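To start, the structure under review is shown below, and the notes come after it.
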2 protein chains.
Amino acid sequence: MKNPFDNLDKSLEHRVRLQIMSVLVTNEAYDFNSLKELIGVTDGNLASHMKALEKEKYISITKSFADRKPNTKYKATERGRTSFRKHLEALEDILKQQKK
Amino acid sequence: MKNPFDNLDKSLEHRVRLQIMSVLVTNEAYDFNSLKELIGVTDGNLASHMKALEKEKYISITKSFADRKPNTKYKATERGRTSFRKHLEALEDILKQQKK
DNA sequence: TAAAAGCACTTTGGAATTCAAAGTTAATTA
DNA sequence: TAATTAACTTTGAATTCCAAAGTGCTTTTA
């Protein structure tokens, strides 16, 4: 096995972004405020992490008005799902390596 | 299950330090230069990561002269092993959560 | 014995990352 | 039209990270 540490994804090494992707991969979609509450970060901070993930094309954004309020929904893209899975696989390999 | 993301260890979120601990937990001891080669970092960079781990009391250091050259050996402390294991457990929980 | 070399740092300076807080914009409600 | 709310963007500061240069100690070489 190649060195699994080399397969870690830089964008997903940060705890907050890992958690965001974790939520978006298991949920069809998730909105800004729910994500903010779940993760416990400020709105500005969340927005900037979302921007980083968007830049990587790991997520897509849909803006609308729901209940007459602005509502932003995020989804994981296929690319995002693949990268997330690979990152988890690298983590799994690290775990396996440890148990030997 | 509590939120596994809260159980991640700040000191072990960095790729290099995670790899260092991974090596030290599976090997009785490891010296500076072997670690440096294995991980592929500069000596100064490695030294500063080691210092961070030492500050957390995750590793212990033994200096000596071997083959008439200075030789620094690192070991994982019990505290380091425990923290490392807990970090991996948190990662495992995250992985499990994903597979549900 | 003086100079050179090697190891393991420490220091320095700069770049990148992260964060909270404040400011901004667009749409809606009063 | 003023106030409110969501979802940002900007700002400024703190922290982290890194390579490169410099240092101290010991051994080797000349």
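Each chain gets a letter, A, B and so on, in the order the sequences are listed, and its residues count up from 1. What you are looking at is a predicted structure, and each value in this text was computed from that prediction instead of being measured. Keep in mind that the numbers below use all heavy atoms, side chains included, and drop hydrogens, waters and symmetry copies.
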Taking only nitrogen or oxygen atoms into account, show me every contact under 3.5 Å that the protein makes with nucleotides 24-29 of chain D, one pair per line with its distance.
residue: D/dT27; atom: O3'; partner: B/R68; partner atom: O; Å: 3.4

Strictly by ring-ring contact (aromatic ring centres under 6.0 Å, His included), give each pair with a member in residues 18-59 of chain A just once, sequence neighbours left out. A/H14-A/H49
Minimum heavy-atom distance A/K75-A/L24, with the two atoms named: C-CD1, 4.2 Å
Can you tell me how far OG of A/S22 sits from CG of A/L88, rounded to the nearest 0.5 angstrom? 7.5 Å
Any side-chain donor-acceptor pair under 3.5 Å between B/E56 and B/S83? no
Does one side chain, of B/S34 or B/D31, offer a donor that lies under 3.5 Å from an acceptor on the other? yes
Using a 4.0 Å heavy-atom cut-off to protein, can you give one letter per nucleotide of nucleotides 10-20 of chain D, 5' to 3': B if the base is in contact, S if only the sugar-phosphate is, - if neither? -------SSS-
Sequence neighbours excluded, every pair satisfying salt bridge (charged side-chain N to carboxylate O under 4.0 Å, His left out) that has a member inside residues 10-23 of chain A: A/E13-B/R15, A/R15-B/E13
Taking every heavy atom of B/A90 against every heavy atom of B/P4, the minimum-distance pair comes out as CB-O, 3.6 Å
Among residues at least two apart in sequence or on other chains, which ones pass side-chain hydrogen bond (donor to acceptor under 3.5 Å, both in side chains) with A/E54? none
Looking at every heavy atom in both A/L18 and A/L12, which two are closest together, and how far apart are they? CB-O, 3.6 Å
Go through the structure and list residues passing side-chain hydrogen bond (donor to acceptor under 3.5 Å, both in side chains) with A/T82, not counting sequence neighbours. none
Heavy-atom closest pair, residues B/I59 and B/T77: C-CG2, 3.6 Å
How would you list, by chain and number, every residue that makes a side-chain hydrogen bond (donor to acceptor under 3.5 Å, both in side chains) with A/R81, sequence neighbours excluded? none
Which residues share a side-chain hydrogen bond (donor to acceptor under 3.5 Å, both in side chains) with A/T72, sequence neighbours left out: none
Range on DNA chain C touched by chain A, heavy atoms, distance below 4.0 Å: C/dT18 to C/dT29
Does any residue of residues 26-35 of chain B have a heavy atom under 4.0 Å from DNA chain C, and if so, which ones, in number order? B/F32, B/N33
Of residues 55-64 of chain B, the positions that come close to DNA chain D - non-hydrogen atoms, cut-off under 4.0 Å: none
Within less than 4.0 Å of OP1 or OP2 of D/dC8, is there a side-chain N or O belonging to A/Y74? yes
Is there any ring-ring contact (aromatic ring centres under 6.0 Å, His included) pair reaching into residues 66-100 of chain B, and which pairs are they, with sequence neighbours excluded? none
On a heavy-atom basis, which atom in A/N45 and which in A/S48 lie closest, and how many Å separate them? O-OG, 2.9 Å
